[in-house]
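One structure below.
A note on names: the letters A, B, ... follow the listed sequences, proteins ahead of strands, and every chain is numbered from 1. FYI, side chains are in, hydrogens and waters are out, and symmetry mates aren't considered; it's all heavy atoms of this structure.
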There are 2 protein chains.
Amino acid sequence: MSRLKHTKQFPAADHDHKTCIAHALQEAEAYCKQRGLRLTELRRRVLELIWANHQPVGAYDLLEQLTHEGRKAAPPTIYRSLDFLMQSDLIHRITSLNAYVGCNHPGLNHAAQFFICEDCGQAAEMDDAKIESAIAKDAKRLGFTVEKRTIEVAGICAHCKHHSNT
Amino acid sequence: MSRLKHTKQFPAADHDHKTCIAHALQEAEAYCKQRGLRLTELRRRVLELIWANHQPVGAYDLLEQLTHEGRKAAPPTIYRSLDFLMQSDLIHRITSLNAYVGCNHPGLNHAAQFFICEDCGQAAEMDDAKIESAIAKDAKRLGFTVEKRTIEVAGICAHCKHHSNT
DNA sequence: AATGTTACGTTATATTATAACAACATCCCA
DNA sequence: TGGGATGTTGTTATAATATAACGTAACATT
């Protein structure tokens, strides 16, 4: 009965970002291999860029980053990769930002909630069972079958709050 | 301490839609008068169209409806009216649909949640204190100051579920 | 009426995303 | 191992959503 309650806290300012990218990529590769999903060169690079940006990033930003490193790319190039990565549960789309972010529990197909800082742009991914069960209860009362949830909370993170009163 | 728990259930098939539009417009006018907000001809008509559509409706759909009735209108025309109506808490934007829908409790500036039927396109507006408090608790734990919530659940409503097994 | 403010009209453009089809790569198995 | 099926990427064009910038008109107040 125990449900996961991971929280990717807003990352500490001094965390080892290179390691966290590498870890995410390793996990993605293992996951795709296990499931027979084709994490091609392009898809791998897009995923890597998303993690490297370290916060939700737009499709056209990614596109520009790809072309700047010499690859021929047009919008469909990036959107197809994003579609693959989303279907494979390796990234999430943040609807309220039209932006994409790496998933913290790849392949889990969990119901994620996001807390998005309007100042620094970072997004914290949560999986709060209480929110999920409250929604489930409402849905039951309505006779509504839930397919997709979009739970996004915008505001100011603790770090930015403490550093804005200069 | 009692918090509202309104539910605009998915409207019954036989509800009196004309009355519900008229009622919404009356409320909006009273509300704007009381607050000194200028519900101009254009804004009033946009609000009326939104209610008349009876489900979340896109900006360009509204634009077309306006032009079809002879009014000169370009995108800014409609977006400015939508901005006014949102700021005045008379409509909501449904982020996941890029669409706009009439608010059931005008001026209340409440935290709304939406259950959106992917079949019929109707959206039910809720205000579930449990969801709200779960989010507040997470925010507190993160030290996060909440500004805006986007809570949208897509799926199939009871009515469509019962009528799809033909 | 003069003035400031708000709303609206108008043109252009930004931003996000998809359609359609051709070229290429990979897989599978007969 | 060759050849068709499938899946991936390239390419061009365009759709869908939203905003910038600036001028004009309406309105409100004095």
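- Comparing C:dC27, D:dT9, C:dT10 against the side chain of A:R38 picks out C:dC27 as the nearest.
- Straight-line distance from the CG atom of B:L62 to the P atom of D:dA18: 11 Å, rounded to whole Å.
- Checked against a 6.0 Å centroid threshold, the rings of B:F10 and B:H159 do not count as neighbours.
- Set against D:dT12, D:dT9, C:dT10, the side chain of A:R80 has D:dT9 as its closest nucleotide.
- Computed from coordinates, the B:K72 NZ to C:dT11 P distance equals 9 Å when rounded to whole Å.
- Between A:A52 and A:I21, the shortest heavy-atom distance links the atoms CA-CD1, 3.6 Å.
- Between B:L85 atom CG and C:dA7 atom C1' there is a gap of 13 Å when expressed in whole angstrom units.
- When distances run from any side-chain atom of A:Y100 to the nucleotides C:dA17, C:dA7, D:dT17, the shortest one goes to C:dA17.
- Out of D:dG10, C:dT10, D:dT12, the shortest distance to the side chain of A:T77 is found at D:dG10.
- Distance A:L82 CG to C:dT18 P: 10 Å, rounded to the nearest Å.
- Among the nucleotides C:dC8, D:dA20, D:dT17, the one closest to the side chain of B:Y79 is D:dT17.
- Taking only side-chain atoms of B:R43, from C-beta outward, the nucleotide of D:dT8, D:dT19, C:dC8 with the closest atom is C:dC8.
- Between A:R141 and A:D138 there is a salt bridge, with a side-chain nitrogen of the basic residue lying less than 4.0 Å from a carboxylate oxygen of the acidic one.
- B:E48 and B:R45 are joined by a salt bridge, as a carboxylate oxygen and a charged side-chain nitrogen come within less than 4.0 angstrom of each other.
- In this structure, B:R45 places its CZ atom 15 Å from P of C:dC8, rounding to the nearest Å.
- One atom, CG of A:L97, and another, P of D:dA18, lie 14 Å apart when rounded to the nearest Å.
- With hydrogens and angles left out, the side chain of B:Y60 and the base of D:dA18 share a donor-acceptor pair within 3.5 Å.
- Going from atom CD1 of B:I94 over to atom C1' of D:dT17 covers 16 Å, rounded to whole Å.
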